Amino acid sequence: TQLLEQSPQFLSIQEGENLTVYCNSSSVFSSLQWYRQEPGEGPVLLVTVVTGGEVKKLKRLTFQFGDARKDSSLHITAAQPGDTGLYLCAGMDSNYQLIWGAGTKLIIKP
Amino acid sequence: DARVTQTPRHKVTEMGQEVTMRCQPILGHNTVFWYRQTMMQGLELLAYFRNRAPLDDSGMPKDRFSAEMPDATLATLKIQPSEPRDSAVYFCASGWPGQGYEQYFGPGTRLTVT
């Protein structure tokens, strides 16, 4: 069974600080997606990374796909209260199914 | 602004009652997913369809859950009979073959079974 482990499970930091969320697996994925979910809503796709070593930036968010396509990270610079939410990573397996991480609950305090 | 819609947004029902949740995928998307989210289990895939055909429903309790796509604009998830352990938020998502098979989620149906 393929697993995708996210860490940390929970993170509470002050506005302006930097943070990194990790998504790790022993399996290779053809691509990896990051979603953000706010209370009372469904997850919203932030980015898809496809190539090993790929780095994508979305304003203050930087996403990286590991060279071996087994892991990924999300780095947020100068976090703001609007970044608060549940961050989910999901890896695409060889059957085109998404394997979901358990999520990282992020709280940014003003 | 194309979105996945789900109805109802909230449902409270008594144990043993039938519950039907509906989803309208984004026009042009040929893949529809049903997920259940709880604090304990996170996001679980229940079933998914491609071109209206069920491809995988292994995540769904077969004895009480059923999922269908009567047409390309409607997907349904039915629970009969419902049990308190079915209380969760149920999400529908749609997508299409392409880079990463990206999924677009609806707002969810929050189900409470008493």
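These numbers were taken from a predicted model, which means no experiment stands behind them. Proteins come first, then strands; the chains are lettered A, B, ... in the order of their sequence lines, and each starts at number 1.
- Using a 4.5 Å heavy-atom cutoff, the side chains of A:W100 and B:Q37 are not in contact.
- Only the side chain of B:Y48 comes within less than 4.5 Å of a heavy atom of chain A; its backbone N, CA, C and O stay farther away.
- No other option in A:G101, A:A102, A:P43 has as many heavy-atom pairs under 4.5 Å with chain B as A:P43.
- For a residue to count as touching a neighbouring chain, one of its non-hydrogen atoms must lie under 4.5 Å from one of that chain's; by this rule B:R9 touches chain A with the side chain only.
- Within 6.0 Å of the CD atom in A:Q9, the count of heavy atoms belonging to other residues, nucleotides or ligands does not exceed 12.
- Annotation for B:E14: atom CD does not count as buried by contact number, only 12 or fewer foreign heavy atoms lying within 6.0 Å.
- Around the CD atom of B:Q80, the shell of radius 6.0 Å holds more than 12 heavy atoms that belong to other residues, nucleotides or ligands.
- The part of B:L45 that comes within reach of chain A is its side chain, from C-beta onward, which places non-hydrogen atoms under 4.5 angstrom from that chain.
- Here the closest heavy-atom approach between residue A:Y35 and residue B:Q103 is recorded as OH-N, 3.2 Å.
- Heavy-atom distances place the side chain of A:L86, and not its backbone, under 4.5 Å from chain B.
- Other residues, nucleotides and ligands contribute at most 12 non-hydrogen atoms within 6.0 Å of the CZ atom of B:R110.
- Applying the salt bridge (Lys or Arg N to Asp or Glu O under 4.0 Å) rule to B:K62 yields the partners B:D57; only residues at least two apart in sequence or on another chain are considered.
- Residues meeting the salt bridge (Lys or Arg N to Asp or Glu O under 4.0 Å) test with B:R36, sequence neighbours left out: B:E44.
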